[in-house]
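Per chain, numbering begins at 1; letters A, B, ... match sequence-line order.
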Protein chains: 2
Amino acid sequence: MPLGRPRSFDIDEALDRAMEVFWRLGYEGTSIPELTKAMGINRPSLYAAFGNKESLFRKALDRYAAGPAGYVREALDRPTARAVAEQLLAGAIELMTTPGNPKGCLVVQGALACGEAADSIRQELVSRRAAIVDNLQSRFERAKRDGDLSADVDCADLARYVATVIHGLTVQAAGSASREQLQRVADMAMRAWPA
Amino acid sequence: MPLGRPRSFDIDEALDRAMEVFWRLGYEGTSIPELTKAMGINRPSLYAAFGNKESLFRKALDRYAAGPAGYVREALDRPTARAVAEQLLAGAIELMTTPGNPKGCLVVQGALACGEAADSIRQELVSRRAAIVDNLQSRFERAKRDGDLSADVDCADLARYVATVIHGLTVQAAGSASREQLQRVADMAMRAWPA
DNA sequence: TGACTTGTGTACCGGAGAGTACAATAGGTT
DNA sequence: AACCTATTGTACTCTCCGGTACACAAGTCA
């Protein structure tokens with residue numbers, strides 16, 4: 001037990017609440033009072049536990065990657081390139097249309113276009129999205145070596161295509177498209193899969 | 001010539017500047033001082049000419065639809081469904097990657113996720129995006145009657161698929177993807193086109 | 001029992017946000 | 001000329017933002 005007065009709230013649970021708010025309202029759209037209300041704590045507790053707003057957002061982002069967006073890592077473990085893509089699409093759709101979840105993806109709508117104050121957050125999200133494309137490309141290159149992806153496929157393009165569809169689905173979800181609608185779009189997208 | 005002191009600036013040019021700022025920074029990320037600076041006018045002139053921030057945004061949105069996003073209407077006039085889709089993708093890519101233009105699409109990144117104050121703007125963008133999907137669906141249904149689209153195609157799904165790809169391209173563009181990269185993604189997306 | 005350390009709650013700070021009052025100005029109208 | 005009307009620039013309002021000072025509470029350690 002550490003010294004001093006014990007914290008009166010569960011720090012991970014509070015972080016989950018903060019993540020949910022950022023996810024729903026975006027970085028700029030989220031105010032500190034909105035966060036403290038959702039987290040059930042007071043302002044100074046927030047700052048003591050998580051630093052400032054930007055630092056809290058980054059922590060929420062890590063938690064998002066490890067939790068709700070964990071399907072990405074899982075999908076990469078699928079045996080074939082095609083299964084990876086299918087699982088990625090299915091996971092994204094499930095995440096974005098699960099009742100109670102904000103509609104869309106934190107990494108996309110957290111800060112797509114924003115003012116100067118939030119620009120470093122925007123850049124962070126840009127590079128996180130790029131990292132996913134990179135991982136996907138690597139996975140597809142492995143698939144090529146494994147022989148389950150044709151040798152004349154451009155893995156970078158294919159990775160970017162899959163990412164593009166997922167990001168597009170995010171926008172559709174933000175407009176309240178149903179799970180079934182999104183799944184049909186994903187099925188159609190897979191028809192472009194290289195022979 | 002109307003009565004009173006004449007306006008010292010061109011109202012359409014000022015609106016163009018405002019549109020560009022909203023396009024680059026999003027609705028929430030744009031402040032009035034940022035707008036007045038770009039428009040070259042003072043605060044009260046802005047309010048006198050355009051109402052409040054929300055009203056200015058809506059006017060900028062209309063101007064966007066008539067100007068930079070005019071390629072949508074043009075694309076719908078193409079002779080075949082496939083040509084419509086191809087033109088739509090090409091137009092979007094050109095718009096989003098033209099040097100000097102903000103990277104992305106105002107209708108997507110203007111307010112994807114936001115606080116309560118901007119929610120009516122978010123809804124406006126949602127319904128504008130939905131309207132485009134509707135138009136596209138209608139166009140595809142006409143194509144079916146024209147015989148250039150197979151009878152067993154679901155036009156609603158196809159329209160949503162094309163919109164999804166475009167919105168995904170928007171996110172890619174916001175991450176500084178090049179025109180060539182986006183075009184290759186678009187080409188790949190068209191491989192899903194129904195036979 | 002103290003001293004010590006850390007979290008909590010209230011109340012505050014400086015600054016920036018959107019929106020406006022008002023006097024001065026620049027034109028047309030009579 | 002005098003008058004009327006609409007725009008302009010300065011300076012202001014009020015509210016909310018992110019962030020913090022400070023006194024107090026709740027624990028551990030000697």
Side-chain angles (χ1 to χ4, degrees), chain A residues 1-15 17-19 21-22 24-61 110-111 113-122 124, chain B residues 1-15 17-18 21-22 24-60 110-111 113-122 124:
Chain A
M1 172 85 60
L3 241 60
R5 176 173 180 173
R7 190 176 278 119
S8 69
F9 61 94
D10 183 285
I11 197 164
D12 285 328
E13 190 173 334
L15 188 51
R17 304 286 183 81
M19 177 190 74
V21 176
F22 280 129
R24 184 160 41 87
L25 304 180
Y27 181 75
E28 277 182 331
T30 300
S31 69
I32 303 287
E34 198 87 34
L35 287 166
T36 55
K37 198 180 73 180
M39 298 163 89
I41 64 179
N42 300 74
R43 242 173 157 80
S45 299
L46 185 155
Y47 281 91
F50 302 103
N52 58 14
K53 183 184 176 185
E54 174 169 345
S55 150
L56 172 58
F57 182 85
R58 295 189 131 92
K59 288 176 170 62
L61 203 54
C114 59
E116 197 179 350
D119 200 66
S120 68
I121 295 295
R122 188 188 59 79
E124 169 78 30
Chain B
M1 174 86 57
L3 241 59
R5 177 172 178 172
R7 190 177 278 121
S8 68
F9 61 94
D10 184 285
I11 199 162
D12 286 327
E13 189 172 336
L15 188 51
R17 305 286 183 83
V21 175
F22 280 129
R24 185 161 40 88
L25 304 179
Y27 181 74
E28 276 182 332
T30 298
S31 69
I32 303 288
E34 198 87 34
L35 287 166
T36 55
K37 199 180 73 179
M39 299 164 88
I41 63 178
N42 301 74
R43 241 177 160 80
S45 299
L46 185 155
Y47 281 91
F50 301 104
N52 59 12
K53 184 184 175 184
E54 173 168 347
S55 150
L56 172 57
F57 182 85
R58 296 189 131 93
K59 289 175 168 62
C114 58
E116 197 179 350
D119 200 67
S120 69
I121 294 295
R122 187 189 60 78
E124 169 78 30

(message) Rounding to an integer number of Å, can you tell me how far L35(A) CG sits from dC16(D) C1'?
(response) 15 Å

(message) Minimum heavy-atom separation for G26(A) and A113(B), please, with both atom names.
(response) N-CB, 3.9 Å

(request) Could you pick out which residue, E54(B) or I41(A), lies toward the 5' side of DNA chain C when each is mapped onto its nearest nucleotide? (result) I41(A)

(message) Within the 4.5 Å heavy-atom criterion, are S120(B) and R58(B) side-chain neighbours or not?
(response) yes

(message) Can you give me the closest heavy-atom contact between V21(A) and A38(A), atom names plus distance?
(response) CG2-CB, 3.5 Å

(request) May I ask you to decide if F50(B)'s main-chain N or O and S55(B)'s side chain share a donor-acceptor pair within less than 3.5 Å? (result) yes

(request) Tell me whether the guanidinium CZ or amine NZ of K53(A) lies under 6.0 angstrom from the six-membered ring centre of F22(A) and within 45° of its axis. (result) no

(message) Heavy atoms from C-beta onward define the side chain here; which of dG28(C), dA18(C), dT8(D) lies closest to that of P33(B)?
(response) dA18(C)

(message) How many whole angstroms separate atom CE of M39(A) from atom P of dT8(C)?
(response) 11 Å

(request) Take the protein atom NZ of K37(A) and the nucleotide atom C1' of dG9(C), then report the distance between them rounded to whole Å. (result) 19 Å

(request) Rounded to the nearest 0.5 Å, what's the gap from CD on E34(B) to CZ on R24(B)? Could you check? (result) 6.5 Å

(request) Round to a whole Å and report the spacing from CG of N42(A) to P of dA21(D). (result) 17 Å

(request) Tell me which residues in residues 44-53 of chain B put a heavy atom below 4.0 Å from DNA chain C, sorted by number, or none. (result) P44(B), Y47(B), N52(B), K53(B)

(request) Write down the distance between CD (E116(A)) and C1' (dA16(C)), rounded to a whole number of angstrom. (result) 14 Å

(request) Please determine, for the side chain of P6(B), which listed nucleotide (dA18(C), dA26(C), dT8(D)) has the closest atom? (result) dA26(C)

(request) Return the value, rounded to whole Å, for the distance between atom CD1 of I32(B) and atom P of dT15(D). (result) 18 Å

(message) Check the phosphate of dC17(D) against S31(A), side-chain N and O only, distance under 4.0 Å to OP1 or OP2. Yes or no?
(response) yes

(message) Within the structure provided, determine whether L15(B) and L56(B) are in side-chain contact (heavy-atom separation under 4.5 Å).
(response) yes

(message) Taking the cut-offs as 6.0 angstrom to the six-membered ring centre and 45 degrees off its axis, would you call R7(B) and F9(B) a cation-pi pair?
(response) yes

(request) Provide the closest heavy-atom pair for A111(A) versus R122(A) in the form atom of the first, atom of the second, distance. (result) O-CG, 3.2 Å

(request) Can you pull out how bent the helix from dT1(C)-dA30(D) to dT30(C)-dA1(D) is, comparing the axes over its first five and last five pairs, to 10°? (result) 10°

(message) Categorize T36(A) for me: base, sugar-phosphate, or nothing, with a 4.0 angstrom heavy-atom threshold over every strand shown.
(response) nothing

(request) For I121(A) and dG18(D), give me the distance from atom CD1 to atom P, rounded to whole Å. (result) 13 Å

(message) Is it the case that the base of dA6(D) and the side chain of R7(B) share a donor-acceptor contact (distance under 3.5 Å, atom types as modelled)?
(response) no

(message) Between dG19(C) and R43(B), counting only base atoms on the nucleotide and side-chain atoms on the residue, is there a donor-acceptor pair under 3.5 Å?
(response) yes

(message) For a quick test of reading the model, state the closest non-hydrogen atom pair linking T36(B) to N42(B) and the distance between them.
(response) CG2-C, 4.0 Å

(message) Using whole Å, what does the distance between atom C1' of nucleotide dT28(D) and atom CG of L3(A) come to?
(response) 5 Å

(message) If you compare every side-chain N and O of R5(A) against the phosphate oxygens of dT8(C) (OP1, OP2), does one of them come in below 4.0 Å?
(response) no

